[in-house]
Amino acid sequence: MSGKDYVEKDYYKVLGVPKDASATEIKKTYRKLAREFHPDANKGDTKAEERFKDISEAYDVLSDEKRRKEYDEARSLFANGGFRSGGPGGTGSYSFDFGDLFNGSQGGGGSGGIGDVFGGLFNRGGRQAQPRRGSDVETEVTLSFEEAVDGATVPLRMTSQAPCRLCNGTGAKSGTTPRVCPTCVGSGTVSRGQGAFALSEPCRDCRGRGMIVDDPCTDCHGSGRASSARTMQVRIPAGVQDAQRIRLKGKGAQGERGGQPGDLYVSVHVDPHPVFGRKGDNLTVTVPVTFPEAALGGTIEVPTLNGPSVKLKLPPGSANGLTLRARGKGATRKDGTRGDLLVTVEVVVPQTVTGDALTALEQYREATASDDPRAALFRAAKGA
């Protein structure tokens, strides 16, 4: 593939995303297309295989912030095959053949400039196949309320791309071996053009692998990569919250040619608790109290999560909705300390009152008949 072909190839169109698409949108679209056109899901379909390779090629560039920027700059400069510029009179335009730029017809040697831009986009002219970082892997886990508060070690089953086990990553059928690509002589890259505008790009014949597979592996179809399922014991830190996303560095898919592994992102879901709730590092609980307790005050016993109960002092005249605080009885923080338990008082009104309780309440009503709790409300309404 020539430099012109690379720059004029619209990777955004290949993935079907707008040019201002976010990294998250690009990744989401790629994952959807990769599943749809993966060779394992379309065995024997050469068109699907080619589509999968094009999708992967586009994602390799657009998923890397630096390479995407260089690609956008390159397309902005050269995709139209010429520059608009002022002529001798200060206005006007001229154009040149794009191919001339990469064939050295524009002048002498040197280094830097535009050659550096393209060199950065396509591995900067290296004659060795570059290591490739493994892709990131995303998974989900559901924790109980207690596990989220105190932390837990949970098994996670993940599926990611890894070296094919049948061919050990060579891409070749058992009993055969790949041969060195004659085009790039095993480097995985080829150089086009001359002088300052020499362009290094992945070799199209071997698609950057440096090797040619004549008799492909029946599992990976010559790619050397296959879906691999594995179970990993992962420690979820204490204090994790519902919908939180945790990054585990280096726990994603394996890299290629000695490249670093990708990262693992774990989306956490937390089951609700029948008694306790949560506000940040604090736990919450609603505790019912009787009218005499609220009016006269006293000591109430309150449950805690995974620990002994605590006793709190309820002040006389406590209103419904009053919040008390039990310090150090909340969720675990990152530094190992704990938040508080916020206790909301709920005054319980009995549904039926009989016997001595009824007699006592009637006497209480008579004793407090002159105390109208709504008097101030009516005075305010009348503007008094």
Side-chain angles (χ1 to χ4, degrees), residues 140-152 236-244 267-384:
E140 297 180 341
V141 65
T142 299
L143 304 177
S144 68
F145 190 87
E146 292 88 342
E147 288 175 328
V149 170
D150 297 327
I236 304 297
V240 67
Q241 301 196 40
D242 185 50
Q244 186 172 341
S267 296
V268 179
H269 305 286
V270 180
D271 288 334
H273 194 278
V275 173
F276 296 96
R278 186 169 175 185
K279 288 184 178 180
D281 295 328
N282 298 323
L283 299 183
T284 63
V285 64
T286 298
V287 176
V289 299
T290 65
F291 173 74
E293 287 176 324
L296 303 177
T299 300
I300 59 174
E301 189 173 7
V302 178
T304 63
L305 184 69
N306 298 331
S309 61
V310 294
K311 293 183 178 181
L312 299 177
K313 185 177 181 180
L314 185 68
S318 294
N320 189 62
L322 173 69
T323 298
L324 306 177
R325 185 182 295 266
R327 298 195 178 276
K329 300 299 180 180
T332 304
R333 301 188 179 102
K334 292 182 179 180
D335 60 3
T337 61
R338 300 183 74 99
D340 301 332
L341 175 63
L342 306 180
V343 181
T344 300
V345 171
E346 183 180 69
V347 180
V348 178
V349 178
Q351 297 296 312
T352 58
V353 182
T354 59
D356 293 342
L358 177 60
T359 301
L361 279 177
E362 289 176 341
Q363 291 176 349
Y364 175 79
R365 180 169 59 185
E366 292 175 2
T368 59
S370 60
D371 299 332
D372 185 358
R374 294 175 291 278
L377 177 66
F378 281 96
R379 286 196 298 271
K382 293 179 180 180

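Heavy atoms only: backbone and side chains are in, while hydrogens, waters and symmetry mates are out.
Note that CD1 of I300 is 10.0 Å distant from OG1 of T290, once rounded to the nearest 0.5 Å.
Checked options V287, L314, N320; the residue passing with V345 is L314 (criterion: side-chain contact (heavy atoms from CB on, under 4.5 Å)).
Counting heavy-atom neighbours within 6.0 Å of D371 CG, excluding the residue itself, gives a total above 12.
Of all non-hydrogen atoms in K313 and P315, the two that sit nearest each other are O-CD, 3.5 Å. Taking all atoms of both residues into account, the shortest heavy-atom contact from R327 to D340 is CA-OD1, 3.2 Å. Contact between K329 and V310 at its shortest, heavy atoms only, is CE-CG1, 3.8 Å. Between L312 and A326, the shortest heavy-atom distance links the atoms CD2-CB, 4.3 Å. Among all heavy-atom pairs drawn from F145 and V270, the shortest one is CA-CG1, 3.9 Å. Here the closest heavy-atom approach between residue S318 and residue V347 is recorded as O-CG2, 4.4 Å.
The side-chain heavy atoms of R365 and L361, taken from C-beta on, include no pair separated by under 4.5 Å. The shortest distance between side-chain heavy atoms of H273 and L305 falls below 4.5 Å. V149 is listed as a side-chain neighbour of R338, based on a closest heavy-atom distance under 4.5 Å. The side-chain heavy atoms of D242 and H269, taken from C-beta on, include a pair separated by under 4.5 Å. A 4.5 Å side-chain heavy-atom check between L341 and V285 finds at least one atom pair inside the cut-off.
Using modelled atom types, no side-chain atom of R374 and backbone atom of A376 make a donor-acceptor pair closer than 3.5 Å. A donor-acceptor contact shorter than 3.5 Å is absent between the side chain of T337 and the backbone of R333.
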Mind running salt bridge (charged side-chain N to carboxylate O under 4.0 Å, His left out) on K334 and D281 for me, showing each step along the way? CA-CA 10 Å; K334 292 182 179 180; D281 295 328; over 6 Å; no
Under the side chain to side chain contact (heavy atoms under 4.5 Å, CB included) rule, what do R278 and T284 come out as? Steps first, then yes or no, please. CA-CA 6 Å; R278 186 169 175 185; T284 63; 5.9 Å; no
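Side-chain contact annotation: E346 with T286, donor-acceptor N/O pair under 3.5 Å absent.
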